[in-house]
Amino acid sequence: MTRNIPEKPALKGLEAKWMERWEIERTYRFDRTKGRSEIFSIDTPPPTVSGSLHMGSVFGYVQTDAHARYRRMKGNEVFYPMGWDDNGLPTERRVQNYYGVRCDPTLPYGPGFTPPDEPSDPPISISRRNFIELCHGLTAEDEKVFEDLWRTLGLSVDWSQSYATIDPHSQRTSQKAFLHNLARGEAYSQEAPVLWDIDFKSAIAQAELEDRERPAAYYRVAFRRPDGSPLFIETTRPELIAACVALVAHPEDERYKALFGTTVTSPLFEVELPIMSHHLADPDKGSGIAMICTWGDTTDVTWWRELDLPTRALIQQTGRLHQEVPEWIDSESGREAYRQIAGLYANQAQKRMEELLTESADLDGQPRPITHPVKFYENGDRPLEIVSSRQWYIRNGGRDQELRSQFLKRGSELHWVPDFMQVRYEHWVNGLTGDWLISRQRFFGVAIPVWYPVGADGTVDYDHPILPDEASLPVDPTSATAPGYDEGQRGQPGGFVGDPDIMDTWATSSLTPQIAGHWDDDPELFSRVFPMDLRPQGPEIIRTWLFSTIVRSHYEHDALPWAHTTINGWVLDPDRKKMSKSRGNVITPHALIEEHGAEAVRYWSCNGRPGTDTAVDHGVMRIGRRLATKILNASRFALGFAEDIDASAISVPLDRSMLAALTGVVERATEAFDAFDYARALEIVERSFWTWTDDYLELVKGRAYEGDGSEGASAHAALQMALGVYLRLFAPFLPFVTEEVWSWWREGSVHRAGWPTVEELAPHSGDPAVLTETAAVLSAVRKAKSDAKVSMRAEVDSVSVSAGPEAIELVRQAEDDLKAAARAGEVLYSEGEFAVDAVLSAS
RNA sequence: GGGCGUUUAGCUCAGUUGGCUAGAGCACUGCCCUUACAAGGCAGGAGUCGGGGGUUCGAGUCCCUCAACGCCCA
């Protein structure tokens, strides 16, 4: 091939040029005719498109891309699709804020609705269907922005394989898997206490919780024993006294042992309550005896369940106390007391209760302020309440020790990089306290695909759901008619109702291997890519995405979803602080790419060790850019002499020595990549490359320019062979610049060229020490010139080398090149400790 | 309160099973327009490896302990 080397090679424009060419030439298109053993499949994280683009994603995705590129060059057909996680609450919130709208499912569809240009305030109420249309529209725009970023970064994704978790295929996959779970008894619905966000009006799963320290106060309240004597409890939630079902103390607590089995009556409401014992009651907390309500916190739920107590739910899904006086309050004075707090929000009821208890003299002293952890939805603003509600669950081992140990075993079968991340998985699985709650009372998501029969008396029979035919998926039971019924029977006695809920986003994204691999509609493809080889992801979603994906795969395929998982580190700001909007220290990928170029951002990403938190570092990015420039310039030199020369021309010991060193580099870089350590591979290659340009290129320069016959040909052939290897070694990290240089003198894409091997270099390799010894002498001569403050081009009369006999023999083999590079008239040798003395010519 | 990780040069980080005088880049200092590269090159100075204790012929590396920082969970 004729070489086409630019006079002044530059980085400018390379990224845009190759981004486009790769798409046109389908460089990264997946070839599905390849067999399973040839395929390397990657279950790529589908980013949440309703969130903003952040450096954490860039960091992790580039690291994965480097590995994908390595595998592709190694000869694997890489299955590398990209998905978008767009269903669920984050999108709803974004649509609400972006347009100033809110969904009111009772409104009829407005066909001509267009959202306002500016967010409306107050929000406009729109129908569910209009709301969902807006969600689809906005996510489509967001996905475009994400795709542009990934392309700019040079991710070698096959864009023809993309999916979105809200698209019909994902919905079908999600509903089908759910129906399978249901048929096997792995999914079930149950009326139970759930953590409930009163603002979002939805149940919240354990994985979405976080604790926040909040101020509160202990109220010391008197309950009355049958003889009228007071028994004091301390509570932070006096508004729940009306929901009290028992008092509880530790079984070994001498103060209360005698009272177990007796009763008390509650203040104001005069409800008779048993005193019980349970080991979770903390003798050191408050007065050592606590009231159990349904339900003030998760411990209440445990006590309620384990002590088999009645349900006296007080707080409704709106966050307000029941309007009607509960039937368990018998006395007229008790009923009157309840009317004082009926219909109030919990915090209002608390204030009123303080007044009422003070009036009745049941409050002992002043409330004692404390701060304590309170459970919040991670995206919520008000504390969660616990309400009774019917929800769907998937069994995850949280209530079943045998199942839990199966999931722990799955975790240990998975190969973790870095390995210590496995501990986080184990802690999460061991800490589960209940099954996985998958239903959400929201709108933009995958519908729970069931209907329920309505009895002649109008009651809904939740225990016998009506299921759709799989061929009809995806279905929305709120608009589709239940099989065997007419739409007119919806909500009628003897008819049916559709389940109004949707699934949590993780209930769908836990199926990304099945979605991307087309489990549902392309079993042949699925058999070639599943179980996948690699799951790369961030550390914060081990408990959600990683775990739930293992759960679904375990149930559906009795297998791990992937063989390996790589967990990337966290990205910190330049001061090693976590980036967050509230701190105002967020650095966007676009700004960095604009400033340093995509290749430099890739270089920085690949410098972050697997699983290691890494600070945004402009200095490292500048080095990446400099490296890319260096590759262009060194390539121009290495290719500047002749057309392709056969490798058999490589005969000079220095050339063979350089190739021997390169053999070791190939070996070690390959080992590092096989261990998923892209950072180590980059370090090895980069170190070697700088030595190559600093030492070998300087030593060989004279012979390359002047050398005639076989010696010159050896230099030219060695240079191009080494360059061909370096370009391929750098290709996973710096895909643009390596592709550019490759195009100067080679056909096809460097990214489809074979990964360099020891075998291709070995026949042309000699003794690596020739180069290292000669380079050491050259370096000493440079130092002499530097000390003498003369140009590196200054002439040297003679160079005296003192060294061991073996080293002298090695340097002699490269003496002509050394003389040329050092501009030395002669080289003199003597045996002894290593020392170099250069006698500079008098100028 | 528990778990995991980190702590090595002024800064950002390597240092793989314990083994030559602890490395790199940035920054700093000095020199050099050299036909690949001056947005470059060459050379140089700089570290009690977080503190303390222990194992060992030998510890940045293994063990114990303390501390600081980060993350996850309670």
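Numbers restart at 1 for each chain; the letters A, B, ... are given by sequence-line order, proteins then strands. Every value quoted in this text rests on a predicted model; they were computed, and no experiment measured them.
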With rounding to the closest Å, how many angstrom separate the [atom1] atoms on [N] and [M]?
N     : M     : atom1 : value
B:U16 : B:G52 : C1'   : 28 Å
B:G10 : B:G19 : C1'   : 31 Å
B:G58 : B:G40 : C1'   : 44 Å
B:C33 : B:U17 : P     : 47 Å
B:A24 : B:A46 : P     : 13 Å
B:G5  : B:C13 : C1'   : 16 Å

Select from A:K375 and A:R680 the residue whose nearest nucleotide in RNA chain B is closer to the 5' end of that strand.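 Per heavy-atom nearest nucleotide, the more 5' residue is A:R680.
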Taking for each residue the nucleotide of RNA chain B bearing the nearest heavy atom, is the 5' side occupied by A:R823 or by A:V423?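 Its nearest nucleotide being more 5', the pick is A:V423.
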With a 4.0 Å cutoff (strictly under), does any side-chain N or O of A:S779 reach OP1 or OP2 of B:A43?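 Yes, because at least one side-chain N or O of A:S779 sits under 4.0 Å from OP1 or OP2 of B:A43.
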Quick check: do [X] and [Y] have side-chain heavy atoms less than 4.5 Å from each other?
X      : Y      : value
A:P732 : A:Y678 : no
A:L654 : A:L771 : yes
A:F641 : A:L639 : no

For A:D694, which contact category applies under a 4.0 Å heavy-atom criterion: base, sugar-phosphate, or nothing?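 Answer is sugar-phosphate: A:D694 comes under 4.0 Å of backbone atoms only.
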Just to be sure I understand: a Watson-Crick pair is purine N1 to pyrimidine N3 plus N6-O4 or O6-N4, both under 3.5 Å. Using that and G-U wobbles, which stems of three or more pairs involve RNA chain B?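 In RNA chain B, stems of three or more pairs: B:1-7 with B:67-73, B:10-13 with B:23-26, B:28-32 with B:40-44, B:50-54 with B:62-66.
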Is a donor-acceptor contact shorter than 3.5 angstrom present between the side chain of A:T629 and the base of B:G40?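 Not at all, since no donor on one side and acceptor on the other fall under 3.5 Å apart.
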Of the listed nucleotides (B:G41, B:U34, B:G25), which one gets closest to any side-chain atom of A:K630?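 So the nucleotide nearest the side chain must be B:G41.
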Going by an N to O cut-off under 4.0 Å, is there a salt bridge joining A:R782 and A:D695?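 Looking at A:R782 and A:D695, the cut-off is met.
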For A:W744, is the NZ or CZ atom of A:R3 found under 6.0 angstrom from the centre of its six-membered ring and inside 45 degrees of the ring axis?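 No, A:R3 and A:W744 do not form such a contact.
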Matching residue for A:N568 among A:P539, A:P536, A:S57, A:P45 - test: side-chain contact (heavy atoms from CB on, under 4.5 Å):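 One option only clears the test, and that one is A:P539.
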